[in-house]
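Since the structure is predicted, the reported quantities are computational estimates derived from the model, not experimental observations.
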Amino acid sequence: MIEPTDPEKKRSSRRRFLAGAAGLAVAGATGAARADEKNLPPNVAGWSKQLGEGVASHPYGAPSKFEKDVVRRDVQWLTASRESSVSFTPLHELDGIITPNGLCFERHHSGIAEIDPNDYRLMIHGLVDKPLTFTLEDLKRLPRVNRIYFLECAANSGMEWRGAQLNGCQYTHGMVHCVQYTGVPLKLLLEQAGLKPNATWLMAEGGDAAAMNRSIPMAKALDDCLVAYRMNGEMLRPEQGYPVRLVVPGWEGNVWVKWLRRIKLGDQPWYTREETAKYTDLLENGKARKFTFEMDAKSVITSPSPQAPLKRKGFTVISGLAWSGRGKIKRVDVSLDGGRNWRTARIDGPVFDRACVRFYAEFDWNGAELLLQSRAIDETGYVQPSKAELRKIRGVNSIYHNNGIQTWALRASGEVENVEVG
Ligand SMILES: Nc1nc2c(c(=O)[nH]1)N[C@H]1C(S)=C(S)[C@@H](COP(=O)(O)O)O[C@H]1N2
Ligand SMILES: [Mo]
């Protein structure tokens, strides 16, 4: 929206916002501070009167210091130890579909392994004709592809099963990121090793202290998995698995093994800790679902949201993300009244298979209280369920795979709260 240029008007609209937002203690919200008159037209601003820093000051660039609040955050009581740590993507501060590398959420079972690329090796063994070991250079010499995919931790929104809990989409939905990977199709490596006819599963193992490992069915491994070493052009960040991670499109984040050191071929799953004690879904009847690999279609309004309150009445843009582990997002709907009426949101930017899409819905806010929701529909026809619909099937004992529709209550003050509608 275009800011009023008349300094008087500007001040008064700021005052309105400050009055409206008085008493707000929203973590991470960037408050509208008063402008310094000296820098405003018709004056010549301070930055126009002197030379700026030269290029040598930042061999690897960083965001503007004024964006210092745009950071990953964690929830202290959730998991604060190196044995189990998680940070969340600041979704409310981002736009488009690509997550900047430094803001991608992190989830580690034993901290960030620091691997010297010269000492890096990937072993492939088990039910193969010829066990192989690849160096990083070996992998980089092989034919590679570029693919944009979302990665969502199965535990994203996991704290919300029994009701609205965390106040901010960073915390309710921030265990998702979407980047472009560069890597070698896993199929190519497996073909080089030569699969025995009875090789129907593989086990991927990480080089971190947890040696985190998961079983993956061969059909998936041969279909679209990547052994990736770059994200958004640069080498993987240490926290995302430097130098090599597995990319398992559309499937729960846990199987995207980081610091990938070993792939073993077998004729059955391994039933590792991460696919038995963890990453299974306890149902209402006491039974547990296992191997729920695919991430169901999901969406969230990232702005306005609790950390991104509305600053003024009038024309405003609702913005959000949608994704599906089963293909492309076909449509996103937005409701302003808690799901009674829906309208189709505008998707802008590319729509890739199993990547995030960005949606917008413009409206004129008259200051009334609203219940904001979004729902995603993917190309299989699957419609993101309400939380009530989801609980009918799943009960409330689950942690993982909560893709229920999120409701944000927009208050008259512009403040936004995580709520549920009946
Ligand atoms: N080796 C290893 N791989 C791992 C993990 C781990 O702790 N160790 N965490 C997994 C989990 S639970 C998730 S959700 C994703 C998170 O990937 P990210 O940290 O790049 O966001 O990595 C997965 N791969
Ligand atoms: Mo995860």
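- Between the side chain of E160 and the backbone N or O of S157, no donor-acceptor pair lies under 3.5 Å.
- Expressed to the nearest 0.5 Å, how far CG of L94 lies from SG of C169 amounts to 9.0 Å.
- Here F293 pairs with W251, F291 under the ring-ring contact (aromatic ring centres under 6.0 Å, His included) rule; sequence neighbours left out.
- S303 contributes no side-chain N or O that, together with a main-chain N or O of H92, makes up a donor-acceptor pair within less than 3.5 Å.
- Contact between G253 and L151 at its shortest, heavy atoms only, is CA-CD2, 3.7 Å.
- No option in R72, M175, R237 other than R72 meets the side-chain contact (heavy atoms from CB on, under 4.5 Å) test with E106.
- Residues meeting the ring-ring contact (aromatic ring centres under 6.0 Å, His included) test with H173, sequence neighbours left out: none.
- Side-chain contact between F352 and R147 is absent, with no heavy-atom pair separated by less than 4.5 Å.
- Side-chain atoms of R107 and S84, non-hydrogen and from C-beta on, do get closer than 4.5 Å to each other.
- At distances below 3.5 Å, not a single donor-acceptor pair connects side-chain atoms of D267 with backbone N or O atoms of A199.
- Side-chain atoms of R261 do not come within 3.5 Å of backbone N or O of K258 as any donor-acceptor pair.
- No side-chain donor-acceptor contact under 3.5 Å links Q373 to the backbone of S335.
- Put simply, the side chain of W201 never gets that close to the backbone of K264: no donor and acceptor are under 3.5 Å apart.
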Q: Assess whether side-chain contact (heavy atoms from CB on, under 4.5 Å) is satisfied between K278 and R273, documenting all intermediate values.
A: CA-CA 6 Å; K278 308 288 173 187; R273 171 186 184 267; 3.3 Å; yes

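- A pairwise comparison of heavy atoms in A308 and T302 identifies CB-O, 4.3 Å as the closest pair.
- For residues 392-422, the pairs satisfying ring-ring contact (aromatic ring centres under 6.0 Å, His included) are Y279-Y400, with sequence neighbours left out.
- Contact between V396 and R391 at its shortest, heavy atoms only, is CG1-CD, 3.6 Å.
- With hydrogens and angles disregarded, no donor-acceptor distance shorter than 3.5 Å links the side chain of N403 to the backbone of K298.
- In terms of modelled atom types and a separation under 3.5 Å, the side chain of S324 and the main chain of I329 share no donor-acceptor contact.
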Report, one line per pair, each donor and acceptor closer than 3.5 Å where one atom sits in a side chain of residues 176-187; sequence neighbours left out.
{"unit_1": "T182", "atom_1": "OG1", "unit_2": "N146", "atom_2": "OD1", "d": "2.7"}

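- Q165 contributes a side-chain N or O that, together with a main-chain N or O of M159, makes up a donor-acceptor pair within less than 3.5 Å.
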Q. Does the side-chain contact (heavy atoms from CB on, under 4.5 Å) test come out yes or no for L91 and Q170, once each step is laid out?
A. CA-CA 5 Å; L91 297 178; Q170 179 163 20; 5.9 Å; no

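- With sequence neighbours excluded, no residue satisfies ring-ring contact (aromatic ring centres under 6.0 Å, His included) with F359.
- Partners of T276 according to the side chain to side chain contact (heavy atoms under 4.5 Å, CB included) rule, which considers only residues two or more places apart in sequence or in another chain, are Y271.
- By the salt bridge (Lys or Arg N to Asp or Glu O under 4.0 Å) test, D129 pairs with K196, sequence neighbours left out.
- Under a 4.0 Å N-O distance rule, the pair D348/R358 does not qualify as a salt bridge.
- Applying the salt bridge (Lys or Arg N to Asp or Glu O under 4.0 Å) criterion to K220, with sequence neighbours excluded, gives D224.
- By the side-chain hydrogen bond (donor to acceptor under 3.5 Å, both in side chains) test, E67 pairs with no residue at all, sequence neighbours left out.
- Shown here are the ring-ring contact (aromatic ring centres under 6.0 Å, His included) partners of F88, two or more places apart in sequence or in another chain: Y171.
- Looking at every heavy atom in both residues, S398 comes nearest to L282 through OG-O, 3.3 Å.
- Neither side chain, T407 nor E420, offers a donor N or O lying under 3.5 Å from an acceptor on the other.
- A donor-acceptor contact closer than 3.5 angstrom is absent between the side chains of T272 and E274.
- The two residues V257 and A204 have their closest heavy-atom pair at CG2-O, 3.7 Å.
- A salt bridge links R411 to E417: one of the charged nitrogens lies within less than 4.0 Å of a carboxylate oxygen.
- Within 6.0 Å of CZ in R144 there are 12 or fewer heavy atoms belonging to other residues, nucleotides or ligands.
- Rounded to the nearest 0.5 Å, atoms OH (Y360) and OG (S319) are 5.0 Å apart.
- The two atoms that bring Y242 and I115 nearest to each other are CE2-O, 3.5 Å, heavy atoms only.
- A distance of 12.0 Å separates CE of M123 from CG of L132, quoted to the nearest 0.5 Å.
- Atoms OG and CD1, on S299 and I377 in that order, are 9.0 Å from each other to the nearest 0.5 Å.
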Q: Could you walk me through whether R340 and V421 pass side-chain contact (heavy atoms from CB on, under 4.5 Å), step by step?
A: CA-CA 11 Å; R340 274 194 276 280; V421 288; over 6 Å; no

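- In this structure, a donor-acceptor pair under 3.5 Å is present between the side chains of H125 and R262.
- Note: E369 CD to L410 CG = 7.5 Å, rounded to the nearest 0.5 Å.
- At distances below 3.5 Å, at least one donor-acceptor pair connects side-chain atoms of N418 with backbone N or O atoms of L166.
- Note: T280 OG1 to I399 CD1 = 8.5 Å, rounded to the nearest 0.5 Å.
- Checked against salt bridge (Lys or Arg N to Asp or Glu O under 4.0 Å), R289 has the following partners two or more places apart in sequence or in another chain: D281.
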Q: Go through D138 and R141 one step at a time and tell me if the side-chain contact (heavy atoms from CB on, under 4.5 Å) criterion holds.
A: CA-CA 5 Å; D138 292 337; R141 270 203 305 274; 3.0 Å; yes

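- Under the salt bridge (Lys or Arg N to Asp or Glu O under 4.0 Å) criterion, E275 pairs with R214, not counting sequence neighbours.
- Residues C104 and M231 meet the side-chain proximity criterion, which asks for heavy atoms closer than 4.5 Å.
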